[in-house]
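Let me begin by presenting the structure, written as structure tokens, before commenting on it.
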Protein chains: 4
Amino acid sequence: MPTPEPGPGPTPEPEPTPGPQSGPEPDGGTGPGPGARTLPDASRRSERSRRAIFDAALALVTENGYAKTTVEGIAARAGVGKQTIYRWWPSRAAVLLDAFLDLQARAAEAMGGDAGSEIPDTGDLAADLKHVLRATVDEMNAPAFEGPTRALAAEGITDPDLGARFTEALLEPQLQHYVRRIEAAREAGDVDPGTDPRLAVELLVGPLHHRWIHRTLPLTHAYADALVDHVLHGLAPRS
Amino acid sequence: MPTPEPGPGPTPEPEPTPGPQSGPEPDGGTGPGPGARTLPDASRRSERSRRAIFDAALALVTENGYAKTTVEGIAARAGVGKQTIYRWWPSRAAVLLDAFLDLQARAAEAMGGDAGSEIPDTGDLAADLKHVLRATVDEMNAPAFEGPTRALAAEGITDPDLGARFTEALLEPQLQHYVRRIEAAREAGDVDPGTDPRLAVELLVGPLHHRWIHRTLPLTHAYADALVDHVLHGLAPRS
Amino acid sequence: MPTPEPGPGPTPEPEPTPGPQSGPEPDGGTGPGPGARTLPDASRRSERSRRAIFDAALALVTENGYAKTTVEGIAARAGVGKQTIYRWWPSRAAVLLDAFLDLQARAAEAMGGDAGSEIPDTGDLAADLKHVLRATVDEMNAPAFEGPTRALAAEGITDPDLGARFTEALLEPQLQHYVRRIEAAREAGDVDPGTDPRLAVELLVGPLHHRWIHRTLPLTHAYADALVDHVLHGLAPRS
Amino acid sequence: MPTPEPGPGPTPEPEPTPGPQSGPEPDGGTGPGPGARTLPDASRRSERSRRAIFDAALALVTENGYAKTTVEGIAARAGVGKQTIYRWWPSRAAVLLDAFLDLQARAAEAMGGDAGSEIPDTGDLAADLKHVLRATVDEMNAPAFEGPTRALAAEGITDPDLGARFTEALLEPQLQHYVRRIEAAREAGDVDPGTDPRLAVELLVGPLHHRWIHRTLPLTHAYADALVDHVLHGLAPRS
DNA sequence: GGTTAAGCGAGACGGTACGTCGGGTCTTTTT
DNA sequence: AAAAAGACCCGACGTACCGTCTCGCTTAACC
């Protein structure tokens with residue numbers, strides 16, 4: 001997962017969370033209904049506090065792990081009142097997710113443009129996929145990413161809403177990059193025309209995640225290469 | 001994964017956990033050494049309480065979810081003192097893991113013999129794999145199994161020790177069934193002799209788990225079939 | 001305490017509190033000195049808000065009791081910003097005190113003139129005192145007055161500043177009415193010439209307040225009468 | 001109020017509060033009714049914690065005043081969990097009341113016997129009353145007693161339940177001492193046979209409390225003497 | 001068969017963190 | 001320039017559980 005920016009277009013920061021329900025605006029936009037809970041006014045939000053909260057959350061998760069990261073601790077470290085966290089996020093996990101998305105977005109922006117996240121197309125499909133999968137392997141092994149990512153994945157397994165946000169904002173965009181590259185390969189005749197790109201992607205990414213999540217066997221570049229080789233062999237144009 | 005019993009041999013119930021370190025006996029067995037923490041005497045353990053704790057834990061996880069399942073709640077529901085839990089398990093997750101293993105073992109026993117957990121070998125590799133993968137899909141979609149399994153998977157992602165126990169006791173035995181079936185197929189000439197059975201298993205199971213964990217797309221029998229077809233195509237003997 | 005207006009003369013409304021120090025003007029009047037905290041300009045004060053705050057404060061104390069009456073609640077009910085309260089009063093109790101004084105003043109004005117608050121002098125001292133003490137008893141038993149008065153008394157016990165304001169603005173003027181009536185009686189020869197009017201007043205009022213504050217025994221007209229009889233008997237001209 | 005022990009008989013310490021409802025056992029003793037909330041088991045109560053809480057509460061009230069004394073602060077100072085306070089008392093004020101009662105009881109015990117709290121009967125009623133009233137004046141002026149007493153009185157004004165407890169445990173026993181002394185005087189012919197002892201007591205104590213509560217004029221021995229003289233003059237036997 | 005010692009139900013205890021409330025300050029926009 | 005609005009930092013609230021620590025009580029195992 002070489003830190004792709006979460007969407008196809010450029011992401012102007014800040015991207016303020018619209019309300020305490022970390023996610024899309026729950027109110028239909030037809031105005032505050034009778035039962036509508038009074039949402040805070042996002043235009044008055046303190047950008048300073050928002051950044052401090054993100055920084056504190058990421059630092060604490062990295063230092064102490066997710067289980068020992070508390071809302072109270074984040075607030076104290078950020079020099080912020082607890083209420084300022086509860087005003088804008090519904091849970092500790094939601095804070096961390098937004099913090100992580102923010103981190104990804106800034107990293108992508110720093111890398112310059114969105115081109116960095118697209119899978120290159122050198123004409124050699126195997127080489128291109130190996131390049132990206134190896135980068136993903138490296139990222140999964142990097143301590144700085146491992147902590148937050150494991151925490152979010154774990155929370156997403158249990159909490160469907162958060163899992164949906166996680167999948168939508170982080171996972172799917174990545175998978176789509178693979179899908180596009182394989183579609184291009186199909187049009188170029190590098191894989192069988194009947195290939196289902198989505199399934200192909202899952203054949204590549206699924207085993208990788210499986211090892212990472214369950215820590216069954218070490219994640220190496222060699223494993224990434226072997227995966228690509230086997231999958232592409234199965235997808236080769238049939239006679 | 002149709003509830004295989006965790007080991008190759010018959011498992012006589014009860015299989016009492018030997019100490020508060022949920023796992024193999026940490027003390028060498030040469031008697032309580034000078035610095036050894038006094039472990040409880042497993043022979044005096046109340047089987048009645050152990051079962052009540054398992055039942056309560058599974059019931060509460062199913063009813064309220066893992067996050068709302070507390071040690072205090074389990075103790076109260078089981079009619080047991082808190083200390084009786086802390087005496088035998090180091091954490092809430094360890095209790096749930098043992099409860100789940102117990103459940104699996106009883107289910108396997110009820111199904112009769114250990115043969116039920118081995119992958120059948122009808123000579124048709126694709127059919128055999130589809131049969132088992134479809135069963136796994138059904139299990140993943142079954143609410144009674146989903147709750148505890150998600151909870152354990154999530155906890156295992158974060159807690160390496162528990163994850164190791166989970167992998168070792170539940171996951172690996174299952175994977176080994178696949179490995180043995182594919183090795184048999186290799187010897188029968190049904191797949192390429194250069195096939196790595198372990199990688200092949202991960203190509204089958206990884207995508208399935210990926211969909212289950214991240215809830216990206218629905219888990220269906222058709223998906224299981226497609227997985228088997230694509231993987232076996234890639235493993236076909238290279239003429 | 002039949003709602004006497006707080007001073008001997010007519011009180012033209014409004015009587016805006018001059019500054020956030022609820023009390024007499026702390027600034028010497030020579031204008032804002034160099035180190036003087038910048039006080040708000042009372043001439044620009046919104047009479048509308050002031051009245052709304054008083055109404056809200058009294059309503060909330062009556063409805064929910066003093067303990068549950070918050071500055072935030074008063075502001076919300078009055079349709080006023082919190083700062084508008086903090087700008088003009090130093091504490092919740094000060095707001096309530098001013099609100100109560102305002103209520104008293106309006107009640108007195110409504111009763112017409114200031115004569116209503118003076119103790120009548122019919123020539124029969126005992127009858128006059130009984131008349132007024134019975135009215136005081138009735139007021140103490142009236143729920144509408146009991147709530148705010150208890151709250152203010154309680155706060156005054158703890159907070160010396162507020163207690164001084166309370167005593168000065170509400171209590172002393174009442175006591176002075178008694179003092180004047182007893183002085184008149186002394187001049188008329190109805191009580192012993194050596195009588196200390198102040199002490200006499202406290203002998204009448206002290207026991208009444210004692211019962212009210214500590215709720216030891218019921219406050220009745222009979223008790224008021226008995227008090228007057230005993231006290232006057234002790235004050236009777238000595239042969 | 002020369003620290004009388006709260007009852008006529010000897011008070012064996014400890015006198016544990018029976019439950020979280022600071023007061024007499026609310027359950028009739030007919031067994032736990034269906035709606036009965038589970039009360040803590042007083043026999044397992046930690047005397048050590050109880051004393052530490054009392055000491056901390058009194059120290060904090062004396063040092064910082066009642067308004068700045070928090071449950072959290074008491075718990076921290078006493079080295080006790082907050083829940084241990086909430087388990088046994090319903091409110092901060094109830095803690096302070098029990099702490100104060102405990103203080104009184106210990107002081108009385110230290111003074112030896114219960115005789116110290118009875119009003120002496122030397123045959124000279126005026127002298128006896130002056131002696132006790134002067135002691136009361138001294139106590140009211142003593143800073144160590146003033147803080148907690150004002151706090152409790154204030155809270156009792158607002159909270160009827162606490163006020164009842166305060167009156168019953170502290171005030172009434174004192175008043176009864178006066179009542180008994182005056183009854184003795186009546187039987188001895190020192191006061192008019194028609195005298196109502198209760199009213200006489202309130203004539204003595206009411207004005208004292210009035211000055212103390214409202215801080216109108218200083219509380220002196222001279223005032224105490226004057227009170228006794230005037231009241232006794234009114235009660236003199238009507239020849 | 002009586003003693004002893006462990007497991008056990010129960011739950012009080014010192015703590016940590018929760019999520020909420022409100023205090024008092026500050027800033028932005030409106031009147 | 002005061003006022004309405006409300007976000008902010010902060011402290012305390014009362015609650016829920018944590019994991020530890022006694023209490024009696026029961027129940028073996030060993031005298």
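Sequence lines set the chain letters: A, B, ... in the order given, protein chains first and strands last, and positions in each chain run from 1.
Going from atom CH2 of Trp89(B) over to atom P of dC18(F) covers 15 Å, rounded to whole Å. Remark: C1' of dA12(F) and CD1 of Ile85(D) are 13 Å apart, rounded to the nearest angstrom. The NZ-C1' distance, from Lys68(A) to dC18(E), rounds to 19 Å in whole Å. Here the P atom of nucleotide dG22(E) and the CG atom of Leu60(C) are 11 Å apart, to the nearest Å. Taking atom CD1 of Ile53(A) as the reference point, atom P of dC8(F) lies 8 Å away to the nearest angstrom. Put simply, CD1 on Ile74(A) is 11 Å from P on dG19(E), counting in whole angstrom units.
Judged by closest nucleotide on DNA chain F, Asp41(A) is the one of Asp41(A) and Val71(D) placed further toward the 5' end. Both Gly81(C) and Arg92(B) lie near DNA chain F, and the one whose nearest nucleotide falls closer to the 5' end is Gly81(C). Nearer the 5' end of DNA chain E, as judged by each residue's closest nucleotide, is the contact made by Ala78(D), out of Thr69(C) and Ala78(D).
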>> Please determine whether salt bridge (Lys or Arg N to Asp or Glu O under 4.0 Å) holds for the pair Asp41(D) and Arg87(D), giving the CA-CA distance in whole Å, both sets of side-chain angles, and the decisive distance to 0.1 Å.
In response: CA-CA 10 Å; Asp41(D) 180 350; Arg87(D) 179 152 41 228; over 6 Å; no
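Nearest to the side chain of Arg45(D), among dG22(E), dC13(E), dC9(F), sits dC13(E). Here dG6(F) is the nucleotide among dG22(E), dA6(E), dG6(F) with the atom lying nearest to any side-chain atom of Arg44(A). Listed nucleotides: dG7(E), dG19(E), dC13(F). Nearest to the side chain of Tyr86(A): dG19(E). Each of dC13(F), dC17(F), dC18(E) was ranked by its minimum atom distance to the side chain of Glu72(A); first place goes to dC18(E). With dA12(E), dC9(F), dG14(E) as the candidates, the nucleotide lying closest to the side chain of Arg87(D) is dA12(E).
Atom OG1 in Thr158(A) sits 9.5 Å away from atom CG in Leu152(B) (nearest 0.5 Å). Separation of atoms CZ (Arg92(C)) and CG (Leu162(C)) is listed at 11.0 Å; rounding is to 0.5 Å. Note that CG of Asp159(D) is 11.0 Å distant from CZ of Arg150(C), once rounded to the nearest 0.5 Å. Rounded to the nearest 0.5 angstrom, Leu96(A) CG and Ile53(A) CD1 are separated by 13.0 Å.
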Indicate every side-chain donor-acceptor pair of residues 72-79 of chain A with a distance under 3.5 Å to a residue at least two apart or in another chain.
| unit_1 | atom_1 | unit_2 | atom_2 | d |
| --- | --- | --- | --- | --- |
| Glu72(A) | OE2 | Lys82(A) | NZ | 2.9 |
| Arg77(A) | NH1 | Glu63(A) | OE1 | 3.4 |
| Arg77(A) | NH2 | Glu63(A) | OE2 | 2.8 |

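Looking only at side-chain heavy atoms (C-beta outward), Trp89(C) and Val71(C) stay at 4.5 Å or farther from each other.
Phosphate proximity of dG9(E) to Thr84(B): present, with a side-chain N or O under 4.0 Å from OP1 or OP2. For dA4(F), the OP1/OP2 oxygens have a side-chain nitrogen or oxygen of Ser49(C) closer than 4.0 Å. Thr70(B) has no side-chain polar atom (N or O) that falls below the 4.0 Å cut-off from OP1 or OP2 of dC17(F). OP1 or OP2 of dG7(E) has not a single side-chain nitrogen or oxygen of Ser46(B) nearer than 4.0 Å. Contact annotation: Trp88(B) does not reach the phosphate of dG7(E) (side-chain N/O to OP1 or OP2, under 4.0 Å).
A donor N or O paired with an acceptor N or O is found under 3.5 Å between the base of dG19(F) and the side-chain atoms of Lys82(B). Interface remark: the Gln83(C) side chain does form a donor-acceptor pair with the dC26(E) base, using a distance-only criterion of under 3.5 Å.
Within 4.0 Å (heavy atoms only), Ser43(D) reaches no atom of the nucleic acid at all. Across all strands, Gly79(D) comes closer than 4.0 Å only to sugar-phosphate atoms, never to a base (heavy-atom distances).
End-to-end axis angle of the helix from dG1(E)-dC31(F) to dT31(E)-dA1(F), using five pairs per end and rounding to 10°, comes to 10°.
A cation-pi arrangement, defined by a distance under 6.0 Å to the six-membered ring centre and an angle within 45 degrees of its axis, is absent between Arg50(B) and Trp88(B).
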